[in-house]
Protein chains: 4
Amino acid sequence: MTAVTDGLSRVERRKAETRREIIDAAFTCFAEQGYHATGIADIAARLGIGHGTFYRYFANKRDIVEHVITDLIDRIVAALGAENAPDAVSTLEAYRAQTERIGNALAQIFTEDPRMPQLLISAAGIDDAMRERMLELFEMTTPLTAAYLEHGVREGYLRADLDIEPTAQSINGMILGSLLVGMRDPSPQRQARLSAAIRAVMYDGISRR
Amino acid sequence: MTAVTDGLSRVERRKAETRREIIDAAFTCFAEQGYHATGIADIAARLGIGHGTFYRYFANKRDIVEHVITDLIDRIVAALGAENAPDAVSTLEAYRAQTERIGNALAQIFTEDPRMPQLLISAAGIDDAMRERMLELFEMTTPLTAAYLEHGVREGYLRADLDIEPTAQSINGMILGSLLVGMRDPSPQRQARLSAAIRAVMYDGISRR
Amino acid sequence: MTAVTDGLSRVERRKAETRREIIDAAFTCFAEQGYHATGIADIAARLGIGHGTFYRYFANKRDIVEHVITDLIDRIVAALGAENAPDAVSTLEAYRAQTERIGNALAQIFTEDPRMPQLLISAAGIDDAMRERMLELFEMTTPLTAAYLEHGVREGYLRADLDIEPTAQSINGMILGSLLVGMRDPSPQRQARLSAAIRAVMYDGISRR
Amino acid sequence: MTAVTDGLSRVERRKAETRREIIDAAFTCFAEQGYHATGIADIAARLGIGHGTFYRYFANKRDIVEHVITDLIDRIVAALGAENAPDAVSTLEAYRAQTERIGNALAQIFTEDPRMPQLLISAAGIDDAMRERMLELFEMTTPLTAAYLEHGVREGYLRADLDIEPTAQSINGMILGSLLVGMRDPSPQRQARLSAAIRAVMYDGISRR
DNA sequence: CATGAATGAGGGTTCATTCAT
DNA sequence: AATGAATGAACCCTCATTCAT
């Protein structure tokens, strides 16, 4: 009768739901207090479940943070992917507009939930493997941006001599920077000015013509 | 004879020296194993002192990491300040060359001691206050870069319509990005390409003329 | 039709059957991993039943081990009893042969299922009450052996001056020793030599005539 | 000034003393409540030390029981070794007397401190490795007894056709049996009768001449 | 009646911090 | 002043047991 059973029984759905809730609670705890300051008991208490219950859903503390981070990355990638259509435009004007849309989408993710960047930073300090994942996350965005650049070069509205990969990394660096700035001053004004400045640098550079 | 030690007794000098050594040892430990994985005993052992002695020089674990980070920031600021002469040049050509020098200097700091960025990341995860300090560190570089931009605008070789502050932040974002990339692939080739790409974007943008 | 199931409904028979299966599964688990290392879940998993079901048949973990041990003791006693016919023989020759048969029967019980002695040892470590039961088990064998001795004395082929009870205990001690030796080296050769040595000591002693 | 400094400083002596005390306290706890029922906190509480202190002296719970057992075995071996002089006698009479002395010495060890056999049994149930050690302990006594037998055969007062090793094991089995009996009824009368019965069986066997 | 999700007491272990020597 | 032995709060994790479905 239920519309989207997806082949899962009621218990299985309930179980998946609890997993989700634990991930969300853990997300909040880790973001608010940091990984090390968060006890399994804190996560359980936030949900009103016994802390033993936690271990029915996740193997250990490391396991949950892994899932929280994976989940977070998935959300970011989904948000980026939603706007991802490198070959949708064919003029510089249209491209600039697209850039602005993508930037806004990203800004929204992080501004909407300020715990996100906090968690990312907190996670990077957990251990070597986690730091590596965070760096990977940053590098994962390189091909996304690179695809836009490649398309632009092919279409002829971007410079033919671009060294695509490092250029993409530079652009993503600017976005990362705006994220950090946004953590201290999340005002829309600041974000708007930053966003405009990034586009100005990105498309025209700072040299006087 | 040295200015700083003037007026300090021999004991006081010895004490300052030990503090220095503890900070250095802690720096190494924190960078190598991370803040939480490092025990006071590890720091003391590295110096060959009793771990009780540590507490005669620093109030607690939080205290030492504070000093380690302050020390690290000082070193970075010093390195940046050494090359800091926004008004030394008056043509775009000279400015580009200066940018390259500054970039190289910065790259050297972090490449020379790869534990530095690791420590910064590790530190950002300690607690809210520490994360704030890390963000502050990033913002601290804004006026430095902004000074160059201002000078360039005044001299006429940079665009007159630059929104100085966010533009400086964007440029610093690119530098930060190159740092992260450098943590995974510290090869000089990669750094050189990135450095070149940053300058290309920065001065000319990516639009086809 | 069978005597034991007479008067039991089908459900009751099924219930008894499940109890039997749980005891057997528990026996295997306890013997293989030891009492403390065995979880209720292990026992249930081995049977493919839910571990909640376990508690419908036994009150708790202590309860099941009690039953496992009782069951084990019953099997040992049955095996001993089967060969038990102290008054079947009337000459030393026949008695020696009978001893050998009994020894073989016992050896077979333990060699057949090497988990038995392991379980007995494991059980003895559970708590005071269990240790007591294990000691009782050993003492329970005293009258069995004593019966043979008494008969032999009465028949005249054993020494008249035997202090029956402690003598029986001594003989049983030799059997216990052979059991322990058999746990580390269960080879038939070793068992055969031990068995022969026990009989040699037992009947003739070690003194040169 | 102190007579037996043995090259140890005062702190080192104090440390060794504390180790001793912990081993003793653990011995008592393990023997009284069993290994699993004993918490590190119990051991520490018995000594009036913090339970964290325990870990300055022993790596973990397994480590302490290892030391307790080793210590116990050492004491047993020392007691056996003290009376160990297989070639001190040359007649059956003297040998019987020696056997009685050894038996008494052994009985005294275990009667004196009834926790000893309890601990041995408890230990055997800890895990496979421990059970193995307990079996080894029993086998360790084989060569001791075997040495006496060999000497007796060589001197001519024991039967020439003894299969030394299994015979030694049989004799040790009788001793083990008397130990178990002694755990339930430690009265000297019982021990005396058992001891006499063992010697009677051992030297003369039970056959009527 | 069977199930297994939920529970929380309990225990081992770590380590920052204190303080007597 | 230096030391390191002692401490116990804190935390992760297990598993026997309960009970709603």
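For the numbers below, each heavy atom of this structure counts, side chains included, while hydrogens, waters and symmetry mates do not. Just so it is clear: chains get the letters A, B, ... in the order the sequence lines come, proteins before strands, and each one is counted from 1.
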May I have the distance from B:F54 (atom CZ) to E:dT18 (atom P), rounded to whole angstrom? 11 Å
C:E17: which of C:K15, C:E21, C:R13 passes side chain to side chain contact (heavy atoms under 4.5 Å, CB included): C:E21
With a 3.5 Å distance limit and no angle check, can you tell me whether B:S122 reaches the backbone of B:Y35 through a side-chain donor-acceptor pair? yes
Classify the ring geometry of B:H67 against B:F58: parallel below 30°, tilted from 30° to 60°, perpendicular beyond 60°. perpendicular
Pick the nucleotide of DNA chain E nearest each of D:T38 and A:G48; which residue has the one closer to the 5' end? A:G48
For F:dA5 and D:K15 - does any side-chain N or O of the residue sit under 4.0 Å from the phosphate oxygens OP1/OP2? yes
Classify the nucleic acid contact of B:G52 as base, sugar-phosphate or nothing, counting any heavy atom under 4.0 Å across all strands shown. base
Quick check: closest heavy atoms across B:A123 and B:M130, and the distance to 0.1 Å? O-CB, 3.3 Å
Just how far, in rounded Å, is C1' of F:dC15 from NE2 of A:H51? 11 Å
Closest listed nucleotide, where the reference is the side chain of D:T18 and the choices are E:dT17, F:dA6, E:dG12: F:dA6
note: B:L47, atom CG; F:dG4, atom C1'; distance rounded to Å ~ 16 Å
Complement of F:dA20, any strand, by Watson-Crick or G-U distances under 3.5 angstrom: E:dT3
Partner nucleotide of E:dT14 by Watson-Crick or wobble geometry (both distances under 3.5 Å): F:dA9
Rounded to whole angstroms, how far apart are CD1 on C:I40 and P on E:dA2? 16 Å
Can you tell me the distance, in whole Å, between the CZ atom of D:R19 and the P atom of F:dA6? 13 Å
With heavy atoms under 4.0 Å as the rule, sort A:F58 into base, sugar-phosphate or nothing. nothing
Rounding to an integer number of Å, can you tell me how far B:Y57 OH sits from E:dT18 C1'? 18 Å
What's the NE2-C1' distance between A:H36 and F:dC12, to the nearest Å? 14 Å
Could you say whether D:G50 or C:A37 is positioned toward the 5' end of DNA chain F, judged by the nucleotide with the nearest heavy atom to each? D:G50
Take D:Y35 and C:R56, find for each the nucleotide of DNA chain E with the closest heavy atom, and name the residue whose nucleotide sits nearer the 5' end. C:R56
Taking 4.0 Å as the cut-off, does a side-chain nitrogen or oxygen of D:T53 come that near to OP1 or OP2 on F:dA5? no
For C:R62 and F:dT17, give me the distance from atom CZ to atom C1', rounded to whole Å. 17 Å
Between A:D71 and A:R75, does at least one N-O distance fall below 4.0 Å, as a salt bridge requires? yes
